[in-house]
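This report concerns only the one structure given below.
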Amino acid sequence: MDNTETQDPEASPKEQLTLEEVVNRIVPRLNFRVFLLFVSALCTIFHAAAVTYVTALTGNIPYKDWKCLSAECKSLYKVEGEEFYSQKTICSNEMVAGVNFTWNIGRRTTFTTDWGIYCQDEAKLSTISSIYFVGALLGLLCSTAIFDTVGRKRGAILGCVLITVATAASAAAPNYETLLVLRVISGFGLLINYTGSYCWIIEFAPTRYRNLVNGCYNLGWTLSYLIMVLFGFLIEKWQHVYLAVTGLCVFSLAMFFITPVPESPRFHLVRGKEKEAKKTLEIISKISGHRITFEEVDLVYDTRVQNYLKQVKDFLKYPNMLKRSLLCMSGWFLVSLITYAYTFGWGKIGRDLYTSYLFAALGGGLGYILSILVCRVLGRKRATLFFFGSVVVMNLVAMLDFNFSRNWSLEQVASLLGNVNILGAFAMLYLYTGELAPTSHRGMIMCLCSSCARVGSFIGPYVSLLYGVTDRRVPLALFAGLSVCAFVAIIFLPDTTGDGIPETPADVSDRKGERKNLDS
């Protein structure tokens with residue numbers, strides 16, 4: 001039912017506006033104050049990539065940096081020559097660290113060298129990277145109730161507190177098992193924090209700038225990634241890297257209280273709190289310089305005080321919303337699997353660890369920038385298809401045998417370009433899903449999609465193990481095939497370019513007698 005305030009019959013009629021129209025009126029164009037507003041809000045995820053990827057550097061196994069101790073090892077060197085210093089030599093000859101060889105990494109340490117994780121135990125490194133996403137999956141399943149009960153912003157703050165505590169404790173982890181538990185807690189908090197922050201920020205963005213805000217949000221991830229690579233390069237002890245990342249977590253947590261952005265008005269409306277929603281909109285209008293007063297404007301919206309069970313039942317009642325959600329979930333699963341297979345595999349793909357991660361981080365930033373530009377030209381759907389199609393092409397090219405120099409191969413360059421495009425696809429899916437999901441169910445749908453992404457993220461780090469047991473073309477063919485599947489899934493989704501955000505399932509319903517389907 002539409003809700004408006006009761007009007008005096010003799011008074012001039014108030015202007016009837018939806019929440020989308022009010023937000024577009026409050027922020028008709030970008031100015032310096034609005035820019036600072038969004039930048040301060042984006043700083044709340046400045047720690048995200050560093051927390052997620054920290055094990056890629058603190059747990060790196062330096063298969064190319066070691067030297068012989070035993071006579072047996074030295075005799076093998078005389079036979080094998082230049083290709084001697086490799087994972088294959090250590091593992092196929094069952095060498096023992098401290099007996100046959102020692103790691104030649106100076107004062108630098110990793111938890112894998114400290115705890116003897118290599119060769120037959122290498123799966124432990126994949127597990128400690130993947131277990132993080134098990135925690136993330138659990139967090140996201142819980143976060144639906146959190147976002148729709150306490151709000152997007154407060155839920156994100158709760159997640160950030162958990163991350164900060166777990167990351168700080170990781171610096172003092174005495175063994176593998178302790179770090180494993182702390183990674184679960186970090187994952188649990190991070191995805192509550194990251195998804196909550198996204199829903200909170202994107203719901204303040206006007207229609208015409210939503211793509212820009214989405215791209216800038218993902219650039220925050222890239223900056224965090226670059227800082228993590230810098231920490232890994234400059235800091236020798238893996239425990240100190242964790243402490244440095246904890247500092248980023250504290251900074252992000254502080255930004256929640258520094259930024260003047262209040263709780264989302266959409267959250268207040270779906271909870272039936274119209275006064276709070278109007279108060280929030282008035283605050284934002286003061287900041288933007290385009291004041292609005294509800295003495296002259298009435299909000300038009302549907303009352304929907306919801307509960308978790310009713311939201312679940314709505315997927316059966318509104319099959320069009322279910323179909324779109326399932327397609328988005330499949331896309332998120334596939335894009336995350338490929339993304340994290342790349343991320344935790346650069347040590348195998350590239351010749352130099354830090355150079356590979358530096359270019360991967362820069363490529364991520366390029367991917368997010370391209371997502372803004374390509375989306376403006378092609379629209380939401382075609383831009384997403386473009387990025388997935390490009391990933392297919394790059395992985396096929398990477399299968400060719402060609403070396404540009406001793407340190408650079410066609411596989412590494414094509415994989416870096418594939419990484420650019422898969423992160424562009426990731427950025428588009430975030431925006432696309434947020435626009436397809438109705439406000440009343442956005443928290444649940446984003447969490448379900450993120451949960452599927454976490455399953456893909458869990459599998460991704462294990463893909464890097466294929467490089468040690470099979471031909472290098474096998475994982476590349478896998479990436480290309482999965483990208484084709486994602487491409488097909490996106491074909492069946494409608495284009496949301498220029499459309500307003502649906503408020504309720506009825507806005508995307510295909511049931512007879514319901515509101516007109518957005519597909520038509």
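Start at 1 with the first residue, then count along the sequence. Values below: all heavy atoms of this structure, side chains included; hydrogens, waters and symmetry mates excluded. On a predicted model such as this, the values are computed, not experimentally measured, just so you know.
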Does the side-chain hydrogen bond (donor to acceptor under 3.5 Å, both in side chains) test come out yes or no for Arg454 and Ser457, once each step is laid out?
CA-CA 5 Å; Arg454 301 295 66 82; Ser457 303; 3.1 Å; yes

Tyr132 vs Thr52, side-chain hydrogen bond (donor to acceptor under 3.5 Å, both in side chains): CA-CA, chis, key distance, verdict:
CA-CA 8 Å; Tyr132 171 88; Thr52 302; 2.9 Å; yes

Working note: Cys328 + Cys449, criterion disulfide (SG to SG under 2.5 Å); need CA distance, chi angles, decisive distance, verdict.
CA-CA 7 Å; Cys328 287; Cys449 288; 5.1 Å; no

side-chain contact (heavy atoms from CB on, under 4.5 Å) between Leu57 and Tyr354, intermediate numbers included:
CA-CA 9 Å; Leu57 295 182; Tyr354 296 103; 4.1 Å; yes

Pair Ser409, Asn403 - check side-chain hydrogen bond (donor to acceptor under 3.5 Å, both in side chains), show working.
CA-CA 4 Å; Ser409 65; Asn403 292 320; 4.5 Å; no

Take Phe84 and Cys73, measure what side-chain contact (heavy atoms from CB on, under 4.5 Å) needs, and give me the verdict at the end.
CA-CA 10 Å; Phe84 177 70; Cys73 177; 3.7 Å; yes

Could you go through the side-chain hydrogen bond (donor to acceptor under 3.5 Å, both in side chains) check for Thr55 and Thr58 one step at a time?
CA-CA 5 Å; Thr55 55; Thr58 59; 5.7 Å; no

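Proximity of a side-chain donor or acceptor of Lys67 to a complementary backbone N or O of Phe101 within less than 3.5 Å is not detected. Judged by distance alone, the side chain of Ser252 and the main-chain N or O of Phe46 form a donor-acceptor pair under 3.5 Å. Checked by atom type and distance alone, the side chain of Thr112 pairs as donor or acceptor with a backbone atom of Gly59 at under 3.5 Å. The backbone N or O of Val391 lies less than 3.5 Å from a partner atom in the side chain of Asn395, making a donor-acceptor pair. Under a 3.5 Å cut-off, the side chain of Arg380 and the backbone N or O of Leu429 do not form any donor-acceptor pair. At distances below 3.5 Å, at least one donor-acceptor pair connects side-chain atoms of Ser224 with backbone N or O atoms of Ala50. Remark: side-chain polar atoms of Lys237 are not paired, donor with acceptor, to backbone N or O of Arg108 under 3.5 angstrom. Side chain of Asn104 to main chain of Asp65: no donor-acceptor pair is present (N/O by atom type, distance under 3.5 Å, no hydrogens or angles). With Thr178 contributing its side chain and Pro174 its backbone, the two residues share no donor-acceptor pair below 3.5 Å. Ser170 contributes a side-chain N or O that, together with a main-chain N or O of Ala166, makes up a donor-acceptor pair within less than 3.5 Å.
Evaluation of the side chain to side chain donor-acceptor pair (under 3.5 Å) test over residues 468-477, restricted to residues two or more places apart or in two chains, returns Asp401-Arg472, Asp401-Arg473, Asp471-Arg473.
Put simply, the side chain of Leu423 reaches to within 4.5 Å of the side chain of Asn419, judged on heavy atoms. Considering only heavy atoms from C-beta on, Phe333 stays 4.5 Å or farther from Met329 through its side chain. Proximity of Ile490 to Tyr432: side-chain heavy atoms (C-beta onward) are separated by under 4.5 Å at one or more points.
Shown here are the ring-ring contact (aromatic ring centres under 6.0 Å, His included) partners of Tyr53, two or more places apart in sequence or in another chain: Trp221, Tyr225, Tyr340. Partners of Glu72 according to the salt bridge (Lys or Arg N to Asp or Glu O under 4.0 Å) rule, which considers only residues two or more places apart in sequence or in another chain, do not exist here.
The nearest pair of heavy atoms linking Ala156 to Asn193 is O-ND2, 3.1 Å.
Rounding to the nearest 0.5 Å gives a distance of 9.0 Å between CD of Glu435 and CG of Asp495.
Classification of the Trp115-Trp238 ring pair by plane angle, with boundaries at 30° and 60°, yields perpendicular. Between Phe458 and Tyr462, the angle of the ring planes lies from 30° to 60°, which puts this pair in the tilted group.
In this model, a donor atom of one side chain and an acceptor atom of the other lie less than 3.5 Å apart for Glu122 and Gln87.
Ring to ring, Tyr342 and Phe479 are close: their centroids are under 6.0 angstrom apart.
With Trp66 as the fixed residue, the side chain to side chain contact (heavy atoms under 4.5 Å, CB included) test singles out one of Thr113, Ile105, Thr102, Ile90: Ile90. A side chain to side chain contact (heavy atoms under 4.5 Å, CB included) with Phe111 is found for one member of Asn60, Asn175, Leu179 and no other, namely Leu179.
In summary, Arg107 and Glu236 engage in a salt bridge, as defined by a charged side-chain N under 4.0 Å from a carboxylate O.
Within a 6.0 Å radius of CD in Glu94, no more than 12 heavy atoms belonging to other residues, nucleotides or ligands are found.
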